[in-house]
Amino acid sequence: MSAWAPLFAVVGALTFLFTRRTSDRARAVTYPIGVTLFGLAGWQLACELVRAEVFPTPFDVLAASAELIESQRLWGDIVASLYRVTWGFFLAAGVGIPLGLVVGWSTRSFLAFNPVIQGLRPVSPIAWIPIAILWFGIGDLAGIFLIFLSSFFPITVGTMAAVRNISLVHQRSAMNFGLKGIEVFRRVVLPAALPQIITSLRIALGVAWLVIVAAEMVGMDSGLGYLINDARNMGSRYDLVVATMVVIGLIGIVLDMMIRKLERFDEVRWGYVER
Amino acid sequence: MSERAKQRAKVTFEGVSKSFDQRGGILDVLEDIDLTVADGEFVCLLGPSGCGKSTLLNIVGGFERPTAGRVTIDGVEVEGPDARRVFVFQEYGIFPWASAWDNIALGLRHLPRSEREEIVQRTIDMVGLSGFESAYPMELSGGMKQRVEVARALAVSPDVIYMDEPFGALDSLTRLTMRSEIIRIWQQERNTILFVTHDVDESIQIADRIVVFTPRPGRVAEIVEVGLEHPRDLGSPEYGEIKNRLYELLGVRHVI
Ligand SMILES: Nc1ncnc2c1ncn2[C@@H]1O[C@H](COP(=O)(O)OP(=O)(O)OP(=O)(O)O)[C@@H](O)[C@H]1O
Ligand SMILES: [Mg+2]
């Protein structure tokens, strides 16, 4: 038995103890660190108890991360994944938001399109992988298509629901002050729906980041998902597998933080406080 | 009455009835409403909850169609909302995504910029919101939000204003202030105002005439002339008389 597991646990406990009386802002940083340290303690302890050779300890993963960073390969794979997600996501937003606005606002197009959208929505994007490869071959296009699909439905459905929830008073205000046509969209429909649109963008980006890894594991020859598969196939390098998982998690957090910035604008802040 | 007869009729209700299809049948909400409101008159619609006051206002505002009868303004039948006649809603109708300034400018989109800015600023000063031009509704108190709502309506210089319990959500002190301000503004602008309330005191404090409704289906029980000069003495015997009369009409015994 090494001293690492108890050390992690003790440092974790001390983190809680010493920052107990600091501000909420400081604790928002220190408490998660404390929890992570406890997690590391459990992980380390489990590795030592089980003594499974293939499963990496936190230190193996740390070393593997250094290896990944040095190998230069990591950057290429990160760029490949982000490239597919960015294109797929922006295309989905570009199509999904206008479509959701129109389908949500016009009863006729809602009647026509909603059942189709609701019928396609429950199909997991993963199930589309064979078709994506059939249509686009192995490569970026297939990935972009899959991300488009996985973002398109949350964005469209979220936008649609937001528009259909616009309060009657606001609709009547628009009518009363003589807003017509495109003005109604610009001044009422879009701004009223915007907070919920941003929420759906956030959900969509989260899903996209989940799906791209799965897609790259099955049907692509680059990207973080492919890196995981490759690490396992070349001699069961589970240390590299976990290191890549950590990278995926960190990038996911950064993406979410970036999109959450949208919630700060004055025009949408009303949508996130109590209504 | 003779004096009013000389004034031009602004809004007329002729045999207006309204029923709604509801689960399990038809709900008669308004029955045969006849009413003429003179130009520049301040009329309160007073009645118990659910008697159809909001429904009547929605009809004259053009948001709902009567089942029978018709409503005319300046002799023209009302067929839809009209930017010359504006609503101040029972719940907040201002846009939470726009600043106070942009909310108030909503009805002035087609004016040249300088004219628009001048009107918005004047209206903001009139309702006492100077300094809060760029604030968003969520940064304002309930009373201030209601002022924005009133200002949004006043900015377009409407010839008729519909107010559906505009001060219902405010505390009693703010409500008093808002009442005297609405009277001050009305004396200045002389719009025709239809004001829904179920507050007896409120109606006597502000209205020229009070239209009292029966419980649902709402009919006009009686039209009470207030005939007191502004500012009104809330302790005067006339005030008390009107109050007793209204309570009687509403079927509530007024115990002192
Ligand atoms: N769109 C509608 N569909 C069906 N019934 C309705 C509709 N609008 C109003 N009603 C019914 O009409 C009746 C009168 O409603 P209304 O809102 O006009 O009352 P009110 O006099 O304004 O009451 P309050 O003082 O509580 O606001 C109520 O019983 C209500 O249930
Ligand atoms: Mg009402």
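- Residue contact with chain A, scored on non-hydrogen atoms closer than 4.5 Å, involves the backbone and the side chain of V86(B) alike.
- Heavy atoms of other residues, nucleotides or ligands lying less than 6.0 angstrom from CG of L250(A) number more than 12.
- The aromatic rings of W97(B) and H170(A) lie perpendicular to each other, with more than 60° between the two planes, well past the 30° mark.
- Summarising the local packing, CD1 of I182(A) is surrounded by 12 or fewer heavy atoms from other residues, nucleotides or ligands at distances under 6.0 Å.
- Across all their heavy atoms, V169(A) and G93(B) have their closest contact at CG1-CA, 3.6 Å.
- With a 6.0 Å radius and a threshold of 12 heavy atoms from other residues, nucleotides or ligands, F132(B) has its CZ atom at or below the threshold.
- One finds the CZ atom of F177(A) at 9.0 Å from the CZ atom of R109(B) (value rounded to the nearest 0.5 Å).
- Using a 4.5 Å cut-off between heavy atoms, R84(B) makes no contact with chain A at all.
- The neighbour count for W101(B) CH2, taken as heavy atoms of other residues, nucleotides or ligands under 6.0 Å away, is above 12.
- Atom CZ of F90(A) has 12 or fewer neighbouring heavy atoms from other residues, nucleotides or ligands inside a 6.0 Å radius.
- One finds the CZ atom of F89(B) at 5.5 Å from the CG atom of N176(A) (value rounded to the nearest 0.5 Å).
- Heavy atoms from other residues, nucleotides or ligands lying under 6.0 Å from CZ of F16(A) number more than 12.
- Heavy atoms closer than 4.5 Å to chain A are found in the side chain of Y136(B), but not in its backbone.
- For a residue to count as touching a neighbouring chain, one of its non-hydrogen atoms must lie under 4.5 Å from one of that chain's; by this rule L168(A) does not touch chain B.
- Of all the listed residues (S167(A), G178(A), A174(A), P191(A)), the one sharing the greatest number of non-hydrogen pairs under 4.5 Å with chain B is P191(A).
- For N58(B), the part lying near chain A is the side chain, with the backbone staying farther off; criterion is any non-hydrogen pair under 4.5 Å.
- Atom CG of L106(B) sits about 8.5 Å away from atom CD of E183(A), to the nearest 0.5 Å.
- In this structure, the side chains of M175(A) and F63(B) come closer than 4.5 Å at one or more pairs of heavy atoms.
- Options V268(A), V188(A), L194(A) differ in how many heavy-atom pairs under 4.5 Å they form with chain B, and the most are formed by V188(A).
- Using a 4.5 Å heavy-atom cutoff, the side chains of F95(B) and S173(A) are in contact.
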